[in-house]
Every structure is written in C-alpha cells, then in structure tokens.
Novice: 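Sharing a structure, written as structure tokens. Questions coming.
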Amino acid sequence: MSYHSVVNGQEVAKIQKNYAYFSLEPEIVTNYLGTSARKLGFVRVSIELMLEDADFLEAAEHHSPLIRAAVIEVFGSQPAEKVKSLTGREDIRRSCLEKIKELMLRETGSEMVKDVIFTKYLYFQS
C-alpha cells in the first residue's frame, strides 16, 4: 500500500463523518461585566453546536439546560472590552467550546461537541 493511497483513504474517512448541528433555542440573553458598577451590559447570542455525530442529537437536547447554563456563566464573567472586540468574541467562543466539552465528557463520557458557532451576536451597554 503506497503512502498516497493511505492519505487518500484518510481523506475519504474524514469526508464521511456524520456531523450534525443542534441549535440552542431560544437564543441566550444574559448580562456581562460593564465598564463600571453603574453600567450594565447584555449580550444576545444565537448558538449552534456542531456535534461529532448525529447520534449525539438526543443527548445534546437532553443536556441543553446544562449547556445553556455553562454559556451564560462564561458570558457573565467577561469584561465589556472582550465582549465588544472580534478577538474577544473568538476567545469567548473557544471558552464556551471548552466548557461544553468538559461538561459533556463528565455527563456522557464523550465530548460530543466539535465546534460552537455564534450565528447571532448582539451586545448593548447602557
């Protein structure tokens, strides 16, 4: 078996993954740390979870309250500067992904989630 055929075989295996998407409904609206104690900020986010396999859809739905709580916890601890910047948004997305993977591993024995996608991201600070 040549190296080329092994590489091509691996590429075919990657393409045939059975990824699925799960939408956290309704969208999440939560507070984040404002620039001062008198300023209140909130963020409104729609989130799609990219699951490793379609077989995980039922488990994702079952654990969606836990996943929502984890995302709200991550956003609640973020400073306004991070929420408002593009690089900060990416850091928050990665933090959400890691937190969700950790929780799902503990609850189901599998990380389940391949990626977290923010499909809507609005913030406001008074």
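Computed from a predicted structure; not experimentally measured.
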Novice: Does the side chain of F124 reach to within under 4.5 Å of the side chain of R44, using non-hydrogen atoms?
Specialist: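 They are not in side-chain contact.
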
Novice: Check F42 against V29 and note the closest heavy-atom contact, atom names and distance.
Specialist: CD1-CG1, 4.0 Å

Novice: Using modelled atom types only, decide if a donor and an acceptor are shared between the side chain of E90 and the backbone of L86 within a distance under 3.5 Å.
Specialist: no

Novice: Do V113 and L51 come close enough that some side-chain heavy atom pair is under 4.5 Å?
Specialist: yes

Novice: Any chain of hydrophobic side-chain contacts (each under 4.5 Å) joining L97 to M50?
Specialist: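 Not linked; separate clusters.
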
Novice: Give a yes or no answer on whether the side chain of R68 reaches the backbone of P26 with a donor-acceptor pair at less than 3.5 Å.
Specialist: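 Looks like yes, one N/O pair under 3.5 Å.
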
Novice: Does any part of the side chain of F75, heavy atoms only, come nearer than 4.5 Å to the side chain of I28, both counted from C-beta?
Specialist: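 I28 vs F75: side chains apart.
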
Novice: When rounded to the nearest 0.5 angstrom, what is the spacing between NE2 in H62 and CZ in F56?
Specialist: 14.5 Å

Novice: Return the CD1 to CD distance between I100 and E111, rounded to the nearest 0.5 Å.
Specialist: 11.5 Å

Novice: Decide yes or no on side-chain contact (heavy atoms from CB on, under 4.5 Å) for L103 and I67, but give the supporting numbers first.
Specialist: CA-CA 8 Å; L103 288 171; I67 295 169; over 6 Å; no

Novice: Please say whether the positively charged group of R89, taken as NZ for Lys or CZ for Arg, lies over the ring of Y121, i.e. under 6.0 angstrom from the six-membered ring centre and within 45 degrees of the axis.
Specialist: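 Ring-cation test returns yes.
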
Novice: Do I92 and F118 have side chains that get closer than 4.5 Å, going by heavy atoms?
Specialist: yes

Novice: Is it true that atom CD of E61 has more than 12 heavy atoms of other residues, nucleotides or ligands lying nearer than 6.0 Å?
Specialist: no

Novice: Can you tell if the side chain of K84 reaches within under 4.5 Å of the side chain of Q125, non-hydrogen atoms only?
Specialist: yes

Novice: Please report the shortest heavy-atom distance between A20 and A54, naming the atom on each side.
Specialist: CB-CA, 3.6 Å

Novice: Could you walk me through whether L66 and M104 pass side-chain contact (heavy atoms from CB on, under 4.5 Å), step by step?
Specialist: CA-CA 9 Å; L66 180 64; M104 291 301 95; 4.0 Å; yes

Novice: I need the K114 NZ to K101 NZ distance, nearest 0.5 Å.
Specialist: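 One finds 7.0 Å between NZ of K114 and NZ of K101.
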
Novice: Starting at CD1 of I47, measure out to SG of C96 and round the result to the nearest 0.5 Å.
Specialist: 5.5 Å

Novice: Rounded at 0.5 Å granularity, tell me how far CD in Q78 sits from CD in E73.
Specialist: 10.5 Å

Novice: Are side-chain heavy atoms of E52 and Y19 found at a separation under 4.5 Å?
Specialist: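 Yes, side chains in contact.
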
Novice: Is it true that a side-chain atom of T108 and a backbone atom of L105 form a donor plus acceptor pair closer than 3.5 Å?
Specialist: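 Checked: no pair found.
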
Novice: For a 4.5 angstrom cut-off between non-hydrogen side-chain atoms, does L49 reach Y21?
Specialist: no

Novice: Does any N or O in the side chain of R93 come within less than 3.5 Å of the main-chain N or O of V116, such that one atom is a donor and the other an acceptor?
Specialist: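 Yes; at least one donor-acceptor contact below 3.5 Å.
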
Novice: Nearest 0.5 angstrom please: S46 OG to I117 CD1, how far?
Specialist: 12.0 Å

